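This one's a predicted model, so the numbers in the text were calculated from it and none came from an experiment.
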Amino acid sequence: MFRKTLKGIRVGVLAADGFEQVELTLPMRALRKRGAQVDIISLHKGRIRGMNLMYPGKKVRVDDTVDHVRPKDFDALLIPGGFVNPDALRQNQDALDFVREFNWLGRPIATLCHGPWVLVSAGLVKGRKLAAWPGIKDDIRNAGGQWMDASGVRDELWFTSRGPHDMRHFLKGMVGLFAEKAPRNHLAQKRFRWGRWLFAALLGMVAIRPVRTALAR
């Protein structure tokens, strides 16, 4: 399962300043290695800084902002954790609306550690089973969800884990979920639109040629 290809899948990584470094970089590397297109979506342009627990980490470049993109343009969603990152996301209405619509579209979501905070604030965890950092288990339970003390939990189109120490299980579960459930139609639609434009352009050239010939006479 872990070797399945993700070619043709576009994954959005929803993250803000304060994301846990390894919870973004390692999943992103695994996704790209298997052929997925991965875009980082954030609250502002430029770069966002990661964290290594309580210590500042490296910055990563943002591809687009959450108020500018559309959920339907992505086939799967990754929400990394960290102490600060999900708290910033859950206070941003555009981020919550993005996650709600993404879930409504029936597309897979993978998150770990404090990342499920965003799902809680989006009002999506009621009746769901998910793993997360033990420190937010009360938030999950108060929102009507069932917190699981497990290295990985698959619940319909979600895959969740407790934290970085579950990374091996998280990567395998995330890749398996995305390979199985992501629609893979985004890049195909782009190629179709390009082919349709080229066909129309060729027809236009054919139609113009007799007119040019007549004018030349």
Side-chain angles (χ1 to χ4, degrees), residues 2 6 9-66 69 74-92 94-96 98-99 102 108-122 130-137 139-140 147-153 158-178 182:
F2 195 46
L6 298 178
I9 293 175
R10 186 183 185 191
V11 180
V13 180
L14 183 59
D17 288 296
F19 65 89
E20 187 66 30
Q21 192 89 40
V22 296
E23 294 179 17
L24 184 149
T25 56
L26 294 184
M28 189 166 64
R29 184 186 307 167
L31 292 168
R32 287 177 172 167
K33 183 178 180 180
R34 287 155 185 81
Q37 176 184 337
V38 183
D39 295 336
I40 297 178
I41 308 163
S42 193
L43 307 181
H44 61 78
K45 297 179 180 179
R47 293 177 177 271
I48 53 176
R49 181 177 293 281
M51 298 289 291
N52 294 305
L53 296 177
M54 301 297 293
Y55 301 97
K58 296 180 180 179
K59 290 185 177 182
V60 297
R61 182 176 59 85
V62 172
D63 294 297
D64 215 331
T65 56
V66 71
V69 296
F74 298 88
D75 305 308
L77 181 65
L78 166 66
I79 307 175
F83 298 111
V84 180
N85 163 58
D87 194 49
L89 294 174
R90 71 191 303 208
Q91 296 180 64
N92 183 278
D94 290 323
L96 295 181
F98 182 91
V99 173
F102 199 91
I109 299 174
T111 183
L112 72 165
C113 196
H114 288 71
W117 253 348
V118 182
L119 302 177
V120 168
S121 293
L130 60 162
W133 192 256
I136 68 170
K137 63 182 178 181
D139 301 82
I140 293 171
W147 177 77
M148 307 290 290
D149 187 11
S151 58
V153 175
W158 291 3
F159 190 87
T160 54
S161 291
R162 294 169 298 192
H165 58 293
D166 295 323
M167 185 58 67
R168 181 171 173 270
H169 297 279
F170 178 74
L171 295 180
K172 184 175 181 179
M174 174 191 67
V175 169
L177 174 65
F178 290 178

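- With values rounded to the nearest 0.5 angstrom, F102 atom CZ is found 7.0 Å from D75 atom CG.
- Partners of S121 under the side chain to side chain donor-acceptor pair (under 3.5 Å) rule, at least two apart in sequence or in another chain, are R90.
- For the ring-ring contact (aromatic ring centres under 6.0 Å, His included) test, residues two or more places apart in sequence or in another chain that qualify with W117 are H114.
- With rounding to the nearest 0.5 Å, the separation of CZ in F170 from CZ in R162 is 13.5 Å.
- Here the side chains of P80 and N85 are in contact, with some heavy-atom distance below 4.5 Å.
- Nearest heavy atom pair, residue A16 against residue S42, reads CA-OG, 3.6 Å.
- Two residues are said to be in side-chain contact when any heavy atoms from C-beta on lie closer than 4.5 Å; W158 and L119 meet this criterion.
- With T65 contributing its side chain and H44 its backbone, the two residues share no donor-acceptor pair below 3.5 Å.
- Side-chain contact between D64 and D39: absent, with no pair of heavy atoms (C-beta onward) separated by less than 4.5 Å.
- Side-chain contact between P27 and M174 is present, with heavy atoms from C-beta onward closer than 4.5 Å.
- L112 is listed as a side-chain neighbour of M167, based on a closest heavy-atom distance under 4.5 Å.
- In this structure, OG on S161 lies 12.5 Å from NZ on K172, to the nearest 0.5 angstrom.
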field: Candidate pair V11 and L6, rule side-chain contact (heavy atoms from CB on, under 4.5 Å), full reasoning
entry: CA-CA 10 Å; V11 180; L6 298 178; 5.8 Å; no
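- For the atom pair CD1 (I41) and CZ (F74), the distance works out to 3.5 Å, reported to the nearest 0.5 Å.
- Residues satisfying the salt bridge (Lys or Arg N to Asp or Glu O under 4.0 Å) criterion with D17, sequence neighbours excluded, are absent altogether.
- With sequence neighbours excluded, no residue forms a side chain to side chain donor-acceptor pair (under 3.5 Å) with T25.
- Applying the salt bridge (Lys or Arg N to Asp or Glu O under 4.0 Å) test to D94 and every residue at least two apart in sequence or in another chain returns nothing.
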task: Show your reasoning for whether side-chain contact (heavy atoms from CB on, under 4.5 Å) applies to L24 and V13.
output: CA-CA 8 Å; L24 184 149; V13 180; 4.0 Å; yes
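- Residues passing the side chain to side chain donor-acceptor pair (under 3.5 Å) test with D139: none are found, sequence neighbours excluded.
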Show me, pair by pair, the donor-acceptor contacts under 3.5 angstrom made by side chains of residues 48-61, not counting sequence neighbours?
| unit_1 | atom_1 | unit_2 | atom_2 | d |
| --- | --- | --- | --- | --- |
| R49 | NH1 | G57 | O | 2.7 |
| R61 | NH1 | D63 | OD1 | 3.2 |
| R61 | NH2 | D63 | OD1 | 3.4 |

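- In plain terms, the two heavy atoms of F159 and G152 that are nearest each other are CZ-CA, 3.6 Å.
- Proximity of L89 to V66: side-chain heavy atoms (C-beta onward) are nowhere separated by under 4.5 Å.
- With rounding to the nearest 0.5 Å, the separation of CD in E23 from CG in D166 is 10.0 Å.
- Interatomic distance, CZ of F98 versus CG of N92, reported as 12.0 Å (0.5 Å rounding).
- Nearest heavy-atom pair, A95 versus L43, reported as atom, atom and distance to 0.1 Å: CB-CD2, 4.4 Å.
- Residues forming a side-chain contact (heavy atoms from CB on, under 4.5 Å) with A132 (at least two apart in sequence, or on another chain): P116, I136, I140, W147.
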